[in-house]
2 protein chains.
Amino acid sequence: MPNTKVLPLLEPSVDEGVVPCCPPLTERPFTAEEAETAARMFKALGDPVRLRLFSAVASHEGGEACVCDISDVGVSQPTVSHHLKKLKEAGLLTSERRGTWVYYRVTPSVLAAMGQLLAIR
Amino acid sequence: MPNTKVLPLLEPSVDEGVVPCCPPLTERPFTAEEAETAARMFKALGDPVRLRLFSAVASHEGGEACVCDISDVGVSQPTVSHHLKKLKEAGLLTSERRGTWVYYRVTPSVLAAMGQLLAIR
DNA sequence: GCAAGGCATCGACAAACGTCGAAACAAAGG
DNA sequence: CCTTTGTTTCGACGTTTGTCGATGCCTTGC
């Protein structure tokens, strides 16, 4: 029986110390502030290149990817860098330099927050 | 024990005859086409006003709302209409005129599709 | 120290976007 | 009909966005 598994994103240990952000989209009309916050996240994923980059990081083994691993998305290298910065500013990714390379990973709470918007619980 | 409930959005009866769209964001890197499709959805929700409108429709009793019910989002009425059109074009909402009023509702498959992007299953 | 490679920043530009007021359209009621 | 009310379309505007090439900044390896 598929679909009986709970979102692995909402493990109790995961959603502590992080943005409660917003109620489910379908629970009640968002306030202006809630909308401002959540829209920032959606907006960051609202560009095809950024979505590919995010997906590439999120699906990469070890949970992290160096820029060189994911730069093959059809735009120039400065543009890749620009989009990664946007994703960082939106709180979706974090980055860390290790030697020559810079590694990006998905901010732990982010997938849980997205799940929360979708009426889970 | 909370969080043991499965996404009500993925009931077997719901996701039939509709866009399979994309795999979970975390499963593998999105292709250009998948990213194009999914980004359109995220982009539509990436504006605070649109997100409030969508949330207002999604949370409204009966699953639908007339424009007059949700127009109080701080922008002019033409702007509201413009955003509703964008949400329609993105496939997130549908509309139907009944007499004087126009009613909007969330496209049935949309929440399921969004759930699918979040690594469910 | 110096060259090379990985990545970020800068400056520029066209395209897309959000917003509004004015006007048009549609339905209902006198 | 003509008016009223709800909604969409149009035209215009300033702002934001995505993109690039050129340049600069780290780190490593000679």
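Being a predicted model, the structure only gives us computed values, none of them experimental. Each chain gets a letter, A, B and so on, in the order the sequences are listed, and its residues count up from 1. Computed over heavy atoms, backbone and side chain alike; hydrogens, waters and symmetry mates excluded.
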TODO: Output yes when at least one side-chain N/O atom of T79(B) is less than 4.0 Å from OP1 or OP2 of dT19(C), else no.
DONE: no
TODO: Look up atom CZ in R50(B) and atom CG in L45(B), then write down how far apart they are to the nearest 0.5 Å.
DONE: 8.0 Å
TODO: Measure the distance from CD on Q77(A) to P on dG24(D) and round it to the nearest whole Å.
DONE: 16 Å
Task: For atom CZ of R40(B) and atom P of dA16(C), their distance in whole Å - done: 14 Å
Task: Nearest listed nucleotide, side chain of P78(B), among dT9(D), dC26(D), dA27(C) - done: dT9(D)
TODO: I would like to know whether K88(B) and Y104(B) meet side chain to side chain contact (heavy atoms under 4.5 Å, CB included); could you show each step before the answer?
DONE: CA-CA 9 Å; K88(B) 250 179 81 173; Y104(B) 282 81; 3.8 Å; yes
Task: Closest-nucleotide 5' rank along DNA chain D - winner of V49(A) and G99(A) - done: V49(A)
Task: Out of dG21(C), dG18(C), dT17(D), whichever nucleotide has its closest atom nearest the side chain of R50(B) - done: dG18(C)
- [ ] Let me know the distance between CD1 of I70(A) and C1' of dC7(C), rounded to the nearest Å.
- [x] 12 Å
Task: Short side-chain N/O contact to dA27(C) OP1/OP2 from T100(B), under 4.0 Å - done: no
- [ ] With the side chain of S76(A) defined as its heavy atoms from C-beta on, choose the nearest nucleotide among dC20(D), dC26(D), dC17(C).
- [x] dC20(D)
Task: Evaluation steps, side chain to side chain contact (heavy atoms under 4.5 Å, CB included), between L117(A) and M41(A) - done: CA-CA 11 Å; L117(A) 289 178; M41(A) 196 170 67; 3.5 Å; yes
TODO: Check every atom of dG18(D), dT7(D), dC7(C) against the side chain of V67(B) and return the nucleotide holding the closest atom.
DONE: dT7(D)
- [ ] Consider the side chain of D47(B), meaning its heavy atoms from C-beta on, and name the nucleotide among dG18(D), dT7(D), dT19(C) that approaches it most closely.
- [x] dT19(C)
Task: Heavy-atom donor-acceptor pair, S55(A) side chain to R28(B) backbone, under 3.5 Å - done: yes
- [ ] Give a yes/no on whether any side-chain N or O of Y104(B) is located under 4.0 angstrom from OP1 or OP2 of dT8(D).
- [x] yes
Open item on the list: Run the side chain to side chain contact (heavy atoms under 4.5 Å, CB included) test on K86(A) and E89(A) for me, step by step, so that the C-alpha distance in whole Å, both residues' side-chain angles and the decisive distance to 0.1 Å come before the verdict.
Closed with: CA-CA 5 Å; K86(A) 285 289 196 82; E89(A) 289 172 348; 3.9 Å; yes
- [ ] Send over the distance from R52(A) CZ to dG18(D) P, rounded to a whole Å.
- [x] 16 Å
Task: K43(A) vs dT16(D): side-chain N/O to OP1/OP2 distance below 4.0 Å - done: no
Open item on the list: Could you tell me how far apart L84(A) (CG) and dT17(D) (C1') are, to the nearest whole angstrom?
Closed with: 16 Å
- [ ] Identify, between K85(A) and R97(A), the residue whose nearest nucleotide on DNA chain C lies closer to the 5' end.
- [x] R97(A)
Open item on the list: What is the distance, to the nearest angstrom, from the CD atom on E96(B) to the C1' atom on dG6(D)?
Closed with: 16 Å
- [ ] Please tell me which of the listed nucleotides, dG18(C), dT19(D), dA8(C), lies nearest to the side chain of H82(A)?
- [x] dT19(D)
Task: Distance, rounded to the nearest Å, where W101(A) contributes CH2 and dG29(D) contributes C1' - done: 12 Å
- [ ] Decide yes or no for V67(A) and W101(A): does some side-chain heavy atom of the first lie under 4.5 Å from some side-chain heavy atom of the second?
- [x] no
Task: Gap between atoms NE2 and C1', on H83(B) and dG18(C) respectively (whole Å) - done: 6 Å
- [ ] Between dT9(D), dT17(D), dG18(C), spot the one nearest the side chain of K86(A), thanks.
- [x] dT17(D)
